[in-house]
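Taking it in order: structure first as structure tokens, then the write-up.
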Amino acid sequence: MTHNLDLNSVEELAHTRVHDCYQCGKCSAGCPVVERMDILPNQLLRLLQLGRLEKAMAAGAIWECVSCMTCTTRCPKSVDCAGILDALRQLSIEHDVASPAQRRTILFQQTFLDNIRRNGRLAELDLVRKFKTQGFLDDLSVPQLFKDALLGPQMLRRGKLHLRSRRVKDRKLVGRIFARCMADNGRGNGHGGIQGELEA
Amino acid sequence: MPRIGVFTCWCGENIARNVDVQSVSEQAAQLPGVRCSQTCKYMCSDPGQKLIRDTIAAEQLDGVVIASCSPHMHLKTFRKAAAQAGLNPYLIEMANIREHCSWVHPDKARATAKAVDLIRMAAAKVRHNRALEPIKVPVTRKALVVGGGVAGIQAALDLADAGIPVALVEREPSIGGKMAGLSETFPTLDCSQCILTPRMVEVAQHPNITLYTCSEVEQVEGYVGNFQVTIRKRARYIDIDKCTGCGQCWNVCPSKKTPSEFDYGMGNRTAIYVPFPQAVPARPVIDRDACLRLTKGRCGLCAKKCQAGAIRFEDQDELVREDVGAVIVATGYQLYEIGRRGEQDRLSGYGEYGYGQYPDVISSLQFERLLSASGPTGGELRRPSDGTIPKTVVFISCVGSRDNAKGMSYCSKICCMVNAKHTMLYKHKVHDGQAHVFYMDIRAGGKNYDEFVRRAIEQDGAHYHRGRVSKITQEDGRLIVRGVDTLAGEPLTIVADLVVLASAMRPAAGVEELAQKVNVGYDEFGFLCESHPKLRPVETNAAGVFVCGACHGPKDIPESVAQASAAAGKVLLMFSRDQLHREPEIAHIQESHCAGCFACRRGCPYHAIDAAEIRDRQGLLVRRVARVNPGLCMGCGTCVALCPSKSADLEGFSEQQVYAMVECLR
Amino acid sequence: MNAHAAETSSNGFEPKIVAYVCNWCTYLGADLAGTNRLEYPTNVRIVRLPCTGRIDFNLIVKAFEIGADAVVVSGCHPGDCHYTSGNYHARRRWMLFRELLATLGIDTDRVHFAWISAAEGKKFQQVISEITAKTREMGPYRAYREICEA
Amino acid sequence: MEIGYYPGCALHGSSNDYEMSVRACLSTLGVHLRELDDWICCGATAAHSLNRKLAVALPARNLGLAERDGMDELLAPCPMCSAQLMKARCVLAEDQAFRSEISEIVELKVRGTTRVCNLIQIFQRVGYESIQKIAVQRLEGFRPACYYGCLLTRPPGVVQFDDCEHPSSMETLLKGLGAGPVEWNYKTECCGAGMTMSNESTVLELGHRILSNAAAHGANCMVVACPMCHVNLDMKQSAINQRYSAAHDMVVYYLSDLVGLALGISPDALGIPRHFVVRK
Ligand SMILES: Cc1cc2nc3c(=O)[nH]c(=O)nc-3n(C[C@H](O)[C@H](O)[C@H](O)COP(=O)(O)OP(=O)(O)OC[C@H]3O[C@@H](n4cnc5c(N)ncnc54)[C@H](O)[C@@H]3O)c2cc1C
Ligand SMILES: Cc1cc2nc3c(=O)[nH]c(=O)nc-3n(C[C@H](O)[C@H](O)[C@H](O)COP(=O)(O)OP(=O)(O)OC[C@H]3O[C@@H](n4cnc5c(N)ncnc54)[C@H](O)[C@@H]3O)c2cc1C
Ligand code: SF4
Ligand code: SF4
Ligand code: SF4
Ligand code: SF4
Ligand code: SF4
Ligand code: SF4
Ligand code: SF4
Ligand code: SF4
């Protein structure tokens, strides 16, 4: 498939204008996870202004973002910086450029969506199980797997985990909604991703 | 039958090369109403003008068409010639057969044909021209200056020194404006009060200046040269003439807890007070909301102490009328309210910086007071919360300014310089202190300005970080400033003792109401609009009303003063004649047809249209119609285009004239 | 005889173009085209008005009524108006004009709005040349004349 | 008062204690919750990170259901859900073409007429004073740090709730019920909600900062109105302690817990014993 690797795709996805940004840095200044980022949010915006979409998409920073909206809320130019990061994540997956270190986050989000797609609502136990096995198979943070698993029983004991979750009546409908959203490729989810990888 | 003369010019070869002048002239002679048709090598030369004058006289012409160059070139010349021959100068029309014809159309046959057309149009138009007389407006040679900041003071003194009586209206109890409260001023760092207070005293003593303090403009009527202004003098409760300014009264006043306006709330004052020691007039005022006598009916200590018997608790507001020929608006600015969002405010506050929440987050004007020898700390730099000397101070640029999300897109222009000044003055007072500035761009575009900023960085060691601050919080009495240095590409947290916000300049409160009273336009932020940003920078669209200082846009002192002198100069120019002469090519309204819809009034860029009342013999109101104020109309014709009943028309470009021009092309 | 008629008979179709221009920008722009000897077709007849604010809808209709094949309306650039906001009013009205013209059955492609400043002699030349060429292409505007005469 | 109710996955899953608390509390206040029939997940962070259209379609389906069932207003106690629903509503209101496209996608006509509100807004609707009047117990001794997290007030243009930098609606409510909420600095700092599973180290770091600041400002408990905040601050507290060798012992209540206690509802009925950190 062809990817339209231009700024428009980011702006269209994020519904915001990259050239409105005047590089004040307020987004970076307020970001709670900025210390973990390899490229600061304002620098990502700058890269986009320069047309360096590839570099921005491959940044680890976009997977550190916790979508807290602080940047968007305080931006003096009303640039939806958080939306830009969302868009970059989506494009990064479409173009398969995320670094291996980021795959865990992607994996989680994909697993999450897949879970909803199949159940209509989140089946948490299912999600945790799937996520952990996938994570394990990809050999990521093995110790983490065990640590979280330990919480499982505690949650069960507190009645916080249900072995069976209540499902939606027309689960096919949710599948159809997903299919339609994913359909228009560029703006949906292309290869791999939610359907491909996990359905197997 | 009209008697029109056509004069076609050769302009040497300029016209004749591409236009067959002789043929044109002959064809012109055939046009309806044309009595005679002549040519001349150089129509604007003395012989050319003589030809015109003589022919007008000999043929008793009542309309003249001159086919030559652009009217922008010689219309005035030919009008003068016509006047000399006794013909009303407005009965002249020009056909531009040079710029619009011979010079752009090398094909001689076509150019000649077009020249004839152009003359045909001019001849058709001139048949409907009317004799007009220049409009003469008498002038009251007295000026009103609104606002007594440095701009208003300068304008008032310039005018007064030139012999013009001036009424200076200031809302506060003293003149001086913001500058009176500044510490030292960039780019020279001279003491603000040292240079301003002598000027304030001059105002007080000038025989040509009537000073109204605690006063505001209530109403403005009339038009250029003839304004009738009503001024509301608010009750001061002091007889200024009796009072000697001895100070007995405020020393005994028990009501001491009102935050001082002059110190921006960082100190308190009494209920009877002078705003600051150098105030002009150097007389106290009673704050009616704080005075125990005026609110609760008890106390009166001040009056007991006053030996001059100057205190008048029964004082009332007073309305005074002044007749003036010109108005200068110099109402200055206020700083952006940087605290939480106000209920009604269109602008959205600055909650993330905690102004109004943390006492050590202050505005730039407050910092000026902390630096000032006459300030609440006597010039020692002590922070508001606990009076300690701040060792780390963070200055933040563009607070409110250039922040579209908060509602202001413009640059406040002065704050980059103010920040540099502040870091310097701070360093001069606290030698072991460190100043940090967060900035986006450094705008220091005046004479010696950039050098000034560099000095702050290079000599006084201020740390400049390019980036905005996102949030300020307080921990253990210190301020955590979370910013970024975009040049280093790193987030940056500074633990500061004091944060100074260089907040945006906004026009003074109430300026919109004032602008409406004098018919001056203002932009979306409330800054007053000049007539033309380059060529008429102190004039406004309301004839006879001028602007200067920060009410027109963010400005520093040198610029405010320059503009004030310019405004005074414009007023003097206006007053240099006993009467104003205005072009008579203005609009008029046929009142019998006017439907009173006032579409014209809404469209008129000069607010030149008033509502007039038509009354019958018994004085009963029959209807309201539009009426053009000849003192204000500039002749743009917008009203003509807007009038649905075709009651408005424009001299010189009347409906008849314009339609005749088009019709003859049929 | 009317000059236009002469041109038409000598050399195929020569459109008649009426231009309403403001005194302070476009008229001076045309003057500058002259000073710089920038050649353009002879078809345009300029009607000088103080401001584009003076132009109303009827004037445009009038031009078509007397047989114009195209009408040009040109004034100062937005924000540069000699009268500060006269052309602002004009601009807002022009939007409306188009609709009204269309309702009257006038071909709005024959009405051209432009901003030409006093410094834009070159632009004046271009605009007039292009409009003339375009109008030539479109051919004589009979439709409206026929309506009027009917 | 009857109001539409969108529990969202969290309240039906691991945060069922929150649902217990909300339901108990609101029924005492006479607010009847009518659960949205056959609702689906709002998509949460994952959807807007991965597919913008999906991020609108999922909540839009729910909005459509609410409209179909004639609900004027929908309570979504989870701020993630309410933010997603509100965002979708804004986007749909702006863009007519997109609205029809989405309607087709979700097989339901969506106009976006149903208003969406959070839990605090319901309390405001009931009226702080009325709540005070029927309260039977003063919340003496509670010095909570009220934690709004990132999504209750942001983005301000969309959610239009409270002051996005210095919110105070929870404080006002609790103060009226006798508690002594503290002023502190992390009211709106994010806890990393969406990263709970995927990027634990971020979540622990953010949680540690928040707990530390609350404690430093004298809080003896925290109050949240978000299931994810609760997970990150309560369930993960021991992991935080482990990671940072800290000794946080901060009870984290849902807002409805404290209001419920003031109304005299038993801790059991509010699901308080299900929390990980409990007051000894
Ligand atoms: C922190 C700070 C530091 C500064 N430092 C410098 C510096 O070092 N050097 C420099 O060149 N510039 C400096 N400036 C800029 C300087 O303050 C302004 O350029 C100058 O004060 C503008 O003068 P003005 O007369 O136009 O306005 P103002 O000083 O604001 O005076 C306006 C006057 O009009 C009065 N008024 C307002 N409305 C009405 C009304 N409706 N009716 C009657 N009266 C009214 C006001 O009460 C006031 O007295 C600084 C500004 C700030 C904020
Ligand atoms: C590239 C550029 C672009 C610009 N664009 C803009 C713009 O877009 N907007 C804007 O506002 N400004 C602009 N400016 C600035 C603008 O050109 C100046 O502000 C303005 O021209 C200054 O006018 P002046 O009359 O002071 O000086 P000048 O225009 O320099 O006029 C001085 C005159 O004095 C004559 N003269 C000099 N010495 C003597 C002497 N000893 N005796 C007799 N006559 C003498 C000179 O021949 C000259 O005619 C621009 C400047 C530059 C360089
Ligand atoms: S806060 Fe906004 S304007 Fe500033 S750098 Fe970030 S995106 Fe750009
Ligand atoms: S939304 Fe992402 S980038 Fe923006 S402040 Fe939050 S974590 Fe940082
Ligand atoms: S009047 Fe004009 S056209 Fe005639 S000679 Fe003078 S400059 Fe040339
Ligand atoms: S009012 Fe009386 S006491 Fe006060 S300063 Fe004037 S003269 Fe002195
Ligand atoms: S009467 Fe008023 S102003 Fe005078 S001393 Fe008493 S409180 Fe002060
Ligand atoms: S002058 Fe400097 S600090 Fe002030 S608004 Fe402009 S750029 Fe910002
Ligand atoms: S001609 Fe222009 S200035 Fe004069 S009244 Fe009409 S609209 Fe106003
Ligand atoms: S637009 Fe015409 S009819 Fe209406 S008030 Fe003005 S002059 Fe009268």
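Just the heavy atoms: all of them, side chains too, but no hydrogens, waters or symmetry mates, feed the values below. A note on names: the letters A, B, ... follow the listed sequences, proteins ahead of strands, and every chain is numbered from 1. The shown structure was predicted, so the numbers you read here are calculated from the model rather than taken from an experiment.
- Of all the listed residues (B/Pro491, B/Cys398, B/Gly467), the one sharing the greatest number of non-hydrogen pairs under 4.5 Å with chain A is B/Pro491.
- B/Leu501 CG to B/Phe395 CZ: the interatomic distance, rounded to the nearest 0.5 Å, is 10.5 Å.
- Annotation: maximal heavy-atom pairing with chain B below 4.5 Å, among A/Ile39, A/Thr73, A/Val34, A/Thr70, occurs at A/Val34.
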B/His422 vs B/Phe367, test: ring-ring contact (aromatic ring centres under 6.0 Å, His included). Steps then yes/no. CA-CA 8 Å; B/His422 283 172; B/Phe367 193 66; 4.8 Å; yes
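- With ring centers used as reference points, B/Tyr464 lies under 6.0 Å from B/Tyr439.
- For B/Tyr449 and B/Phe452, the ring centers sit 6.0 Å or farther from each other.
- For the pair B/Lys178 and B/Tyr333, the distance from NZ or CZ to the six-membered ring centre is under 6.0 Å and the angle to the ring normal is within 45 degrees.
- For the set B/Val469, B/Asp485, B/Asp441, the count of heavy-atom pairs under 4.5 angstrom toward chain A peaks at B/Val469.
- More than 12 heavy-atom neighbours from other residues, nucleotides or ligands sit within 6.0 angstrom of CZ on A/Arg176.
- Annotation: cation-pi pair B/Arg468/B/Phe438 absent, no NZ/CZ under 6.0 Å from the ring centroid and within 45° of its normal.
- Contact annotation for residues 74-81 of chain A against chain B (heavy-atom separation below 4.5 Å, listed by residue number): A/Arg74, A/Cys75, A/Pro76, A/Lys77, A/Ser78.
- Within a 6.0 Å radius of CG in B/Asp476, no more than 12 heavy atoms belonging to other residues, nucleotides or ligands are found.
- Heavy atoms of A/Cys31 lying under 4.5 Å from chain B belong exclusively to its backbone.
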